[in-house]
Amino acid sequence: MFQSGFVTIMGRPNVGKSTLINQILGEKVSIVSPKPQTTRNNIVGILNDEDYQIVFLDTPGLLNPKNKLDEYMAKSIEASLDGIDIVVYLLDATKPFLDTDIEKIKSYASSKKLILAVNKIDETNFEKLYPKLDKLNKLENITDIIPISAKTGKNVTELVKSILKILPESVAYYPTDLYTDKSERFLVSEIIREKALWYLQQEIPHGIAIEIEQFEQKDKNIQISAVIVCEKDSHKHIIIGKKGEMLKTIGTSARLEIEKLLDTRVNLNLFVKVKKNWRENPRQITNFGYDDDDI
Ligand code: GDP
Ligand code: MG
């Protein structure tokens with residue numbers, strides 16, 4: 001018997017969805033950031049084994065749309081439930097479980113196979129956690145409730161086992177040697193974006209995007225040129241930094257990670273450009289890769 005199906009990980013921003021995907025797949029496919037809502041794409045990571053194939057969709061955090069980009073993201077959350085076999089709903093063990101969480105859980109439970117995973121148990125203890133779990137125990141149509149730590153990996157194997165209990169019997173949807181459906185180009189741009197957001201933490205909100213302009217083999221190296229697109233001249237100055245220090249820092253740490261991903265030496269050239277209000281402009285959003293056809 002072979003099992004295969006689509007699993008999406010839902011939950012509020014910052015609950016640890018990307019971290020969990022990375023922990024399950026054992027390599028970096030989805031952006032992890034200390035700030036909420038930086039995951040803009042439905043990244044598909046695939047867990048292959050002799051007897052099963054689990055296709056994971058990472059969805060952006062749940063949110064109330066404030067601009068075109070938010071609207072796009074909210075739409076992609078809804079779209080991501082089409083054709084989904086199993087929803088894993090993540091909760092944060094260190095925070096109260098809100099009524100909005102419970103409402104979401106009830107609505108998913110009524111239409112999907114649902115597993116609840118209570119994350120970040122490395123930051124709490126059983127006495128504090130137990131009464132909260134009680135609230136979840138009362139809910140109906142839940143396959144399992146599993147306390148986990150996406151960060152340390154605790155119980156993540158149990159979570160995968162729980163998925164396998166209810167994963168449909170089916171042929172593999174993708175070639176079994178495929179690790180992710182996103183190209184190296186895309187992963188490279190995600191690494192650059194993650195590093196930029198990480199180092200620019202306080203200064204720039206979410207107004208950057210990455211365009212890869214060149215990606216080619218030169219001798220034994222890969223030559224990559226990428227543009228960090230921001231909204232304002234003042235942001236451009238911050239991204240470049242004094243004497244170019246900030247851009248250099250972002251570039252170096254991105255390059256090291258890209259070299260690991262591609263397993264080869266990389267020359268990375270970063271540039272910064274200003275495109276005003278690109279977040280309000282649907283055409284621009286499509287240009288940057290957030291295309292309706294993707295969802
Ligand atoms: P997402 O917005 O749901 O994708 O959340 P992320 O995966 O980006 O994680 C948000 C923050 O929570 C990051 O700083 C993670 O390091 C942290 N985090 C995720 N999982 C755990 C966990 O199991 N334990 C702890 N202590 N922190 C975690
Ligand atoms: Mg995320």
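For reference, positions follow the sequence shown, starting with 1. Numbering of ligands and ligand atoms starts at 1, following listing order.
- Under a 4.0 Å criterion applied to the non-hydrogen atoms of Glu123, ligand 1 contributes the atoms 26 (N).
- Inclusion of Pro13 in the set of residues having an N or O under 3.5 Å from an N or O of ligand 1 is not warranted.
- Remark: ligand 1 and Asn14 share an N or O pair separated by less than 3.5 Å (distance only, no angle test).
- At a heavy-atom cutoff of 4.0 Å, ligand 1 is contacted by the side chain of Asp122 but not by its backbone.
- For the pair Lys135 and Phe97, the cation does not sit on the ring face, since its NZ or CZ is not both under 6.0 Å from the ring centre and inside 45° of the axis.
- For ligand 1, one of its N or O atoms has an N or O atom of Val15 under 3.5 Å away.
- Nearest-heavy-atom check against atom 28 (C) of ligand 1 across Lys120, Arg12, Glu194 picks out Lys120.
- Considering both main-chain and side-chain atoms, Gly16 comes within under 3.5 Å of ligand 1 through a nitrogen or oxygen pair.
- One hydrophobic cluster, built from ILVMFWY side chains closer than 4.5 Å, cannot hold both Leu256 and Leu268; they sit in different ones.
- Salt-bridge annotation for Asp101 and Arg12: present, with a side-chain N of the basic residue lying under 4.0 Å from a carboxylate O of the acidic one.
- Under a 4.0 Å N-O distance rule, the pair Lys195/Glu257 qualifies as a salt bridge.
- Heavy-atom proximity to Thr19, at under 4.0 Å, picks out these atoms of ligand 1: 6 (P), 7 (O), 9 (O), 15 (C), 19 (C), 20 (N).
- Put simply, the side chain of Val7 does not reach to within 4.5 Å of the side chain of Val55, judged on heavy atoms.
- Of the possible donor and acceptor atoms, one in the side chain of Lys132 sits under 3.5 Å from a partner among the backbone N and O of Ala93.
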